[in-house]
Amino acid sequence: MWFCVILAAIFPWTVVGLDLNVDFAIDYFRYRDVKTICVLDCNITFSGPIKLTKLASKYSIAVSEASIKSVGNDLSSVQKCLAYDIHSVGVLLNGNCNKAEDVMNFASEHLSFSAQHKWLIIENDDVIFGYNDSEINSTIIYGARNAIEVLNNLNISVDADVIVGRGKPGYYTLYDVFNFGKIQGGNLIVNQIGTWDLGVGLKLNCDLNGYKYYRRWDFQNWTMRMILVVSPALKNFDLKQLSKKDKMPGVPMITHTAGAILYLVAEMHNFSFTNTVADRWIGTFERSNGKVVGDGLYFREQDISPIIRFLIPIQQKIDVLSSPLTSIETRYYYRIPTKGPGKFENQFLMPLSPVAWYGVIGVSVLCALLLLLSAHLEQRPSSAQYAVFSVIASICQQYYEDSDDGGTKRISAARKVTILVTGLSCVLIYNYYTSSVVSWLLNGPPPSINSLKELLESPLELIYEDIGYTRSWLQTPSYYYNKRNALVEDELRQKKVFNKKKDDPLLEPLVQGIKMVQKGGYAYHTEVNSANSLISQTFDQTELCELGSLQSMEETHLYPCVPKNSPYKEFLSWSLMRLKERGFVSCIQSRTASNEVKCEGSSPRALALGGAAPAFILLAGGYLLATLIMLVERCVYKAKNNKFNIP
């Protein structure tokens, strides 16, 4: 000790070093359970850092050093010293160094005042004055440009772990310094938390190793920046309305649910939100994109968004909190078409499989051959004609008999049995077929569109809800509702969306879109929860039974998101997990959810013209064939008469 005093008297600049503060630093970092210490001093060539390294090695603490005596504009050595892996790093800064302010400015710009850095800034004062700064919420200690004055102008946030020790060698007063958010207009918070004495050690009035957000519970009416999607943008948009059950115009139900949960967090911790309205969630992460949620977070212009869809490109640009607040599923809603190609309506040939149809044809041919043989044995005229048309007549539930029995010598029992078998087989087939069709019409599931490919080929016109994810789908080529349907979605965009006429509807609000579905002829793409809520209020039972839907985006969890390495990530994750464990999240989700709309019971459905097309085609073909046969018979009859009447 006397050696240090004599050395300080001879070489006063050595007092600036850390020689006299080694015990203080070791006691503090041992208490904080730090495994690595970064020493930022202007005189690391003196004995202080060497003594610190030796003493730290006894407690399995690694020490790295960086001289800040003449760093100038090159602070690469400081950046390397501040680097961390999975463990937080302790930072020991000599606040009396001339370059200490430059180091703190550098740490602020590179977001090093974070939870991963436990700072201890030591300042030795000879003259100390007490005063109260109007911009600082606590009484602080003032020296010539001290560390707290510098920190008041830097980007310090709620996750900061900065302790300033001021005093003389052997005795220091400790101050916990943080800000709820300097960029958002917060004031620096300085709290005296204890002292360190060479003989006694640390005497703290709070547990610094305890969870810091219990000590920083009250945010003192601070304001956080929130960005969310509202379409159309409201002039007087008040985020407090999110806490109410009533749906807000232009605010999707998914945003309403997540916003209500975040608003509850704000009420508990005494802060508020200032909002920025965007037109979509995901863009290309470029500043020229306008107001986009992902871009605002990526460039750190906003603090939080209530929801975003978890995608790999999103995770690489911004941080997504681990607790989902709601989920989204989108569908195309439409009235079942009653005109157009039959494959979109009632499948009239479905009751019999292809094998069954082959069996019908085989039995018919076999019966025709047996009739041909029996008619030939009876020496009936036109035996082939008789055999074929008898079978066709039985299939059509008609009777056929040739009128010329003059040449018949005997009646074959085989012919009668064959006619009987043919008639019974046709009756059974007919009854099975008609009963299957009627049963399908009465009790079967409603005919619907089963894939995006069928939707593409349908006569329905596509319209979309005017909402953020639709705008992303239209404006961002790499954005898909479902990546597995990428090819079909691209085809839908090209053929049914981008080729629309100028005055044709494309983006419609929810109320107008559901009305267009109710009228028919449109397929409206919207979120399931919002659609169910409105459909249940506007559709009657007949319309519900004619309502069809096709899934576009499968049910997907939506998460709140923050900028990369946001100081609020840990706080928000902790707060949301507490609400979830206490049932608040599920309560709000159930309060804003809507029930699925269903057709109650079953109602008969008319057989559509397109679905019955095969029957009408067969009937028309029969008429044409009968007419053709009649014309051929008349021609043959006329030719025979002319032959016998030749003079």
Side-chain angles (χ1 to χ4, degrees), residues 38 40 66 68 71 73-76 78-84 88-93 95 97 99-121 123 133-138 140 145-164 175-191 212-213 215-216 218-227 269 271-274 276 287 295-305 317-319 561-573:
C38 167
L40 303 176
I68 59 173
V71 290
N73 295 326
D74 184 14
L75 293 170
S76 57
V78 174
Q79 187 173 8
K80 291 179 181 179
C81 189
L82 293 175
Y84 66 95
S88 59
V89 58
V91 183
L92 177 60
L93 174 63
C97 291
K99 296 296 182 177
E101 183 173 348
D102 293 340
V103 171
M104 286 187 278
N105 287 326
F106 176 83
S108 174
E109 293 173 1
H110 290 77
L111 306 179
S112 295
F113 288 115
S114 63
Q116 287 75 30
H117 298 85
K118 292 179 170 58
W119 288 77
L120 176 61
I121 303 175
E123 291 184 322
D133 191 330
S134 60
E135 295 184 356
I136 302 177
N137 290 4
S138 303
I140 64 171
R145 192 61 178 172
N146 58 48
I148 295 179
E149 280 187 298
V150 176
L151 293 173
N152 185 42
N153 298 317
L154 300 183
N155 183 18
I156 307 294
S157 195
V158 70
D159 69 331
D161 198 334
V162 180
I163 300 298
V164 176
Y175 300 90
D176 182 20
V177 182
F178 68 96
N179 195 325
F180 291 111
K182 177 65 176 179
I183 295 177
Q184 297 82 352
N187 296 323
L188 191 69
I189 310 297
V190 181
N191 295 320
K212 68 167 69 74
Y213 296 112
R215 304 195 310 271
R216 303 173 184 182
D218 188 351
F219 277 57
Q220 301 182 8
N221 201 27
W222 170 79
T223 301
M224 179 180 287
R225 301 170 299 177
M226 176 188 286
I227 184 169
H269 293 275
F271 67 90
S272 59
F273 292 107
T274 178
T276 299
R287 288 190 180 273
D295 299 350
L297 295 173
Y298 177 69
F299 293 109
R300 312 189 77 83
E301 297 169 352
Q302 303 294 328
D303 297 317
I304 188 171
S305 173
K317 301 292 185 179
I318 59 179
D319 279 340
C561 52
V562 294
K564 209 73 175 174
N565 300 320
S566 169
Y568 308 107
K569 181 178 180 180
E570 182 184 353
F571 163 73
L572 291 169
S573 298

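Position 1 is the first residue of the sequence, and the numbers go up from there. From a predicted model like this one, the values you see are computed outputs, not experimental measurements.
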Practice task
Side-chain contact test, heavy atoms from C-beta onward, threshold under 4.5 Å: evaluate it for Arg300 versus Leu111 and give yes or no.
Solution key: yes

Practice task
For residues Ile304 and Tyr568, determine if any side-chain heavy atom of one lies less than 4.5 Å from a side-chain heavy atom of the other.
Solution key: no

Exercise for the section: Please name all residues satisfying side-chain hydrogen bond (donor to acceptor under 3.5 Å, both in side chains) with Asp319, sequence neighbours left out, ordered by chain then number. Expected result: Lys564

Exercise for the section: Kindly give the heavy-atom pair with the smallest separation between Pro567 and Val158, and that separation in Å. Expected result: O-CG1, 3.8 Å

Practice task
Compare all side-chain heavy atoms of Ser157 with those of Phe113 and state whether any distance is below 4.5 angstrom.
Solution key: no

Exercise for the section: Please report the shortest heavy-atom distance between Phe180 and Arg216, naming the atom on each side. Expected result: CE2-O, 3.9 Å

Practice task
For Thr223 and Phe273, work out which heavy atoms get closest and say how close.
Solution key: CG2-C, 4.1 Å

Exercise for the section: Could you tell me whether the side chain of Arg225 and the main chain of Glu301 form a donor-acceptor pair under 3.5 Å? Expected result: yes

Practice task
Would you give the length of the straight line joining atom CD1 of Ile163 to atom OH of Tyr175, rounded to the nearest 0.5 angstrom?
Solution key: 12.0 Å

Practice task
Answer with yes or no after comparing the ring centroid distance for Phe571 and Phe219 against a 6.0 Å cut-off, counting only values under it.
Solution key: yes

Exercise for the section: Answer whether the closest heavy-atom distance between the side chains of Lys118 and Asp161 falls below 4.5 Å. Expected result: yes

Exercise for the section: Kindly determine whether Val89 and Leu82 satisfy side-chain contact (heavy atoms from CB on, under 4.5 Å), including the steps that lead there. Expected result: CA-CA 7 Å; Val89 58; Leu82 293 175; 5.6 Å; no

Exercise for the section: Look up atom CG in Asp295 and atom CD in Gln302, then write down how far apart they are to the nearest 0.5 Å. Expected result: 11.0 Å

Handout entry: 4.5 Å side-chain heavy-atom contact, His269 and Tyr213
Key = no

Exercise for the section: State, with a plain yes or no, whether a side-chain heavy atom of Leu297 is found less than 4.5 Å away from one of Cys561. Expected result: yes

Handout entry: Straight-line distance of His117 NE2 to Leu93 CG, nearest 0.5 Å
Key = 12.5 Å

Problem - Short side-chain to backbone donor-acceptor contact, Trp119 and Ser112, under 3.5 Å - result: yes

Problem - Short side-chain to backbone donor-acceptor contact, Glu149 and Asn146, under 3.5 Å - result: yes

Practice task
Please answer whether the main-chain N or O of Glu101 pairs with a side-chain N or O of Asn105 as donor and acceptor at a distance below 3.5 Å.
Solution key: yes

Problem - Polar side-chain atom of Tyr84 near backbone of Gly90 as donor-acceptor pair, under 3.5 Å - result: no

Fill in the blank from the handout: Residue set satisfying side-chain contact (heavy atoms from CB on, under 4.5 Å) with Ala115, at least two apart, ordered chain then number -> Asp159, Lys212, Glu570

Problem - Value rounded to 0.5 Å, distance of CG in Asn179 from CG in Leu151 - result: 10.0 Å

Problem - From CD1 (Ile189) to CZ (Arg215), nearest 0.5 Å - result: 13.0 Å

Handout entry: Whether Ser573 side chain and Lys569 backbone form a donor-acceptor pair below 3.5 Å
Key = yes

Completion exercise
In short, Met224 meets Asp303 closest at the heavy-atom pair CG-CB, 3.6 Å

Handout entry: Nearest heavy atoms of Ile318 and Tyr298, plus distance in Å
Key = CG2-N, 3.8 Å

Exercise for the section: Calculate, to the nearest 0.5 Å, the distance between atoms CG and SG belonging to Asp102 and Cys97 respectively. Expected result: 11.0 Å

Practice task
Would you name the heavy atoms of Ile121 and Met104 that are closest together and state the gap between them?
Solution key: CD1-SD, 3.9 Å

